[in-house]
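Heads up: the structure comes next, in structure tokens.
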Number of protein chains: 2
Amino acid sequence: MTNSTIKDVAKMANVSIATVSLVVHDHARISKETKEKVLAAITKLNYHPSHSARGLVKRKSGNIGFILTDDHFLRTEPFYTHIFIGTEFEAHESEFYVLLTTIDSNFNDDNKLPRFILERNIDGIIVAGKVPSSFIEKLNKYHFPIIFVDYWPCTKKYSGVLVDNVNGGKLATEYLIKSVNKNIAFIGGDIEHPSISDRLNGYKKAILDSGGSINERLIDIIEDYPGRTNGYNAAQRLFDNNKDIKAIFACNDAMAIGAMQYMKDNGIKIPDDCSIIGFDDVVSDDAIEPALSTIRVPKMEMGTEAMKLMAHLIKNNIKGNQKVLIPVELIIRKSTKRI
Amino acid sequence: MTNSTIKDVAKMANVSIATVSLVVHDHARISKETKEKVLAAITKLNYHPSHSARGLVKRKSGNIGFILTDDHFLRTEPFYTHIFIGTEFEAHESEFYVLLTTIDSNFNDDNKLPRFILERNIDGIIVAGKVPSSFIEKLNKYHFPIIFVDYWPCTKKYSGVLVDNVNGGKLATEYLIKSVNKNIAFIGGDIEHPSISDRLNGYKKAILDSGGSINERLIDIIEDYPGRTNGYNAAQRLFDNNKDIKAIFACNDAMAIGAMQYMKDNGIKIPDDCSIIGFDDVVSDDAIEPALSTIRVPKMEMGTEAMKLMAHLIKNNIKGNQKVLIPVELIIRKSTKRI
DNA sequence: ATAAATAAGTTAAACGTTTAACTAAATACT
DNA sequence: AGTATTTAGTTAAACGTTTAACTTATTTAT
């Protein structure tokens with residue numbers, strides 16, 4: 001039951017350890033018969049190459065760091081948890097291990113970088129979600145590939161795996177235009193966040209493309225975090241201003257759910273009086289009454305894409321600065337008037 | 001910026017690499033002056049021992065596996081996420097890396113064990129939360145230490161880090177006895193789960209100790225998962241049966257919140273008509289109206305304790321079968337009548 | 001004064017891989 | 001037939017540590 005090594009396999013298959021290694025790496029120099037012989041021994045002995053030994057000679061740790069802020073990780077909506085699971089899943093293919101760690105959401109110059117960075121025990125880093133800029137600055141000193149997921153800092157030195165927010169906003173708004181035509185509001189928070197502003201851009205684009213014009217009084221944006229309470233308040237301001245709102249596109253599901261609560265509390269029928277579409281497709285959307293229409297973000301896929309890209313960067317020994325856009329999907333449930 | 005090795009340090013400090021290694025391990029054989037010299041070089045070169053090289057010679061991976069079911073990890077309440085962060089935090093001390101992976105919540109004999117187990121790239125495993133018994137059976141074949149957190153399978157071959165559920169149930173119930181005296185109900189789900197049945201045991205113990213007797217009609221237990229909806233339904237059954245319930249001790253906060261919703265919907269004033277105490281102390285407790293009194297479970301501490309125990313087991317090369325009880329704390333907020 | 005013990009290092013082998021350089025046999029080319 | 005090339009493997013060094021065994025110098029005991 002103790003680990004068998006390459007030597008045991010070599011002995012059993014009657015070849016040198018180099019041959020075993022070449023078989024493991026599927027090298028062309030090995031004949032079919034030898035390969036089969038070795039493979040049989042590997043299976044019999046349940047041999048797996050030692051991560052440490054391999055790492056030592058290749059001067060790679062075989063680890064990828066996955067970093068996010070603690071409040072993102074501890075958030076009740078497991079958005080980033082899904083992304084992490086995606087990377088972990090995909091790591092199987094490329095034989096990486098993923099080391100997850102959190103940083104302080106108020107990370108500043110006095111904070112230390114995660115241990116695996118200081119010890120250089122990773123071959124690359126995946127950063128999920130918005131992180132403090134002082135963290136990114138510290139990261140700049142290091143020479144491994146860094147991939148940002150769901151957030152791309154302005155410095156275009158790194159790769160990013162991003163939701164196609166503009167298109168998502170466009171899809172949602174286009175549907176609302178087709179079903180209710182006019183008076184479509186947008187509610188959002190944390191507009192500094194590129195994802196949110198892109199969703200707003202998609203909203204504007206859809207309206208302009210359809211021949212309409214932007215009415216700033218239908219757009220309610222706050223600086224604060226886009227959560228349920230702020231969604232509730234946004235809806236209140238909106239309806240106070242304009243009784244005739246026919247649809248709301250919320251920058252995320254949390255705000256949408258808050259806005260729905262306001263409508264319920266004030267006798268506004270969903271979707272008869274007012275349609276609403278969210279963004280993200282979180283677990284509770286289906287449970288809520290009426291079920292919330294939304295833009296589905298394939299969270300796990302973002303993780304797998306990030307890890308695929310990482311494997312590519314490492315294999316080719318490049319740092320990369322490309323942008324991968326993850327397509328989204330409009331999910332129509334019960335909170336929207338049918339077209 | 002590239003990694004410096006033990007050789008670089010040795011050269012700079014004018015000693016052999018063995019000396020450097022001995023300094024790093026704080027070995028007594030090294031004089032104070034040499035030690036300082038070496039330490040200075042280490043700092044100057046920002047030297048960190050290679051995880052791989054160390055792992056190779058020690059025949060340890062330096063990794064600890066952290067395993068839980070996917071639905072536990074993806075649950076909106078980040079209970080196990082907190083526990084994980086605790087292990088990750090404590091791992092700093094013992095220089096371990098933590099590899100987090102999920103298993104299928106319907107794990108059966110056809111499922112494969114996590115990769116790092118098959119490849120034997122971990123020195124020990126921490127299992128968080130209830131896992132399928134077929135998973136545990138498969139684990140039985142391996143010879144590394146295993147620690148269960150927040151769930152301890154009947155086979156007492158492994159160590160467990162567990163919430164003091166009995167005492168928690170007792171604390172909550174004792175408070176309710178003091179404040180409302182009589183007609184204190186218990187609602188719970190998944191009674192097979194040792195944690196839940198222990199909470200019920202604490203409830204019973206408190207009542208008996210106070211000279212009262214157990215009224216089965218005040219105890220509502222379902223087999224299903226103890227979530228909000230089931231809490232709502234449990235409260236409904238309870239009040240249908242007995243209008244005079246003065247307090248509810250819920251087996252967890254989710255059920256408590258559900259039960260509160262039922263009371264709000266039916267004009268039962270909290271805490272004037274009926275007090276309620278939950279269990280776990282989840283994030284939303286404070287946000288809910290009125291703020292929920294509960295039993296606080298120190299989640300991060302469970303993680304750190306598990307990792308401390310793991311480091312101990314590994315250092316002494318034992319498998320261990322001890323039980324660590326984590327004390328809980330009664331948190332009184334607004335959902336309970338004052339004593 | 002000499003032997004024994006202690007202190008403070010050093011040497012060298014080992015851990016399990018990978019891979020460049022080498023070898024030996026078989027095949028292809030003049 | 002003799003040389004060049006291809007095929008299919010082997011050899012051996014290297015990766016960065018740890019640690020048992022060794023050395024050398026100093027102190028202590030007799």
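Lettering of chains follows the sequences in order, A, B, ..., and the numbering in each one begins at 1.
B:Lys157 and B:Asn140 share a donor-acceptor pair across their side chains, judged by distance under 3.5 Å alone.
When all heavy atoms of B:Leu22 and B:Arg29 are compared, the pair lying nearest together is CD1-NH1, 4.1 Å.
Per the geometry, CD belonging to A:Glu119 stands 16 Å off P belonging to D:dG16, to the nearest Å. Distance A:Glu33 CD to D:dA8 P: 8 Å, rounded to the nearest Å. Here the P atom of nucleotide C:dG9 and the CD1 atom of B:Ile17 are 16 Å apart, to the nearest Å. For B:His27 and D:dA21, the NE2 to P distance is 13 Å, given to the nearest whole Å. The distance from atom NZ of B:Lys60 to atom C1' of C:dG16 is 17 Å, rounded to the nearest whole Å. To the nearest angstrom, C1' of C:dA21 lies 13 Å from CG of A:Leu22. In this structure, the OH atom of B:Tyr47 is 7 Å from the C1' atom of D:dG16, given to the nearest Å. Taking atom CD of B:Glu36 as the reference point, atom P of C:dA8 lies 14 Å away to the nearest angstrom.
With C:dT19, C:dG16, C:dG9 as the choices, the nucleotide that has an atom nearest any side-chain atom of B:Ser31 turns out to be C:dG9. Distance from the side chain of A:Lys7 is smallest to C:dC15 among D:dA8, D:dT17, C:dC15. Each of C:dG16, D:dT18, D:dT10 was ranked by its minimum atom distance to the side chain of B:Ser21; first place goes to D:dT18. For B:Arg29, whose side chain is taken as the heavy atoms from C-beta onward, the closest listed nucleotide among D:dT18, C:dT10, D:dT10 is C:dT10. When the nucleotides D:dT10, D:dT19, C:dG9 are ranked by their closest atom to the side chain of A:Ser16, D:dT10 comes out on top. You'll find that the side chain of A:Val15 is closest to D:dT10, out of C:dT10, D:dT10, D:dT17. Distance from the side chain of B:Ala18 is smallest for D:dT19 among the nucleotides D:dG16, D:dT10, D:dT19.
Relative orientation of the A:Phe135 and A:Phe107 rings is perpendicular, given thresholds of 30° and 60° on the angle between their planes.
Residue B:His48 is in sugar-phosphate contact alone, with no base atom involved, counting any heavy-atom pair closer than 4.0 Å across all strands shown.
When each of A:Thr19 and B:Arg54 is assigned the nucleotide of DNA chain D bearing its nearest heavy atom, the one mapping closer to the 5' terminus is A:Thr19. Between B:Lys58 and B:Lys32, it is B:Lys32 whose nearest contact on DNA chain C lies nearer the 5' terminus.
For B:Thr34, a side-chain nitrogen or oxygen approaches OP1 or OP2 of C:dG9 to under 4.0 Å.
Between B:Asp109 and B:Lys138 no salt bridge is recorded (no basic side-chain N to carboxylate O distance below 4.0 Å).
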Practice problem: Report the C-alpha separation of A:Arg115 and B:Glu95 in whole Å, then their side-chain angles, then the decisive distance to 0.1 Å, and conclude whether the salt bridge (Lys or Arg N to Asp or Glu O under 4.0 Å) test is met. | Solution: CA-CA 9 Å; A:Arg115 188 166 56 109; B:Glu95 310 209 281; 5.4 Å; no
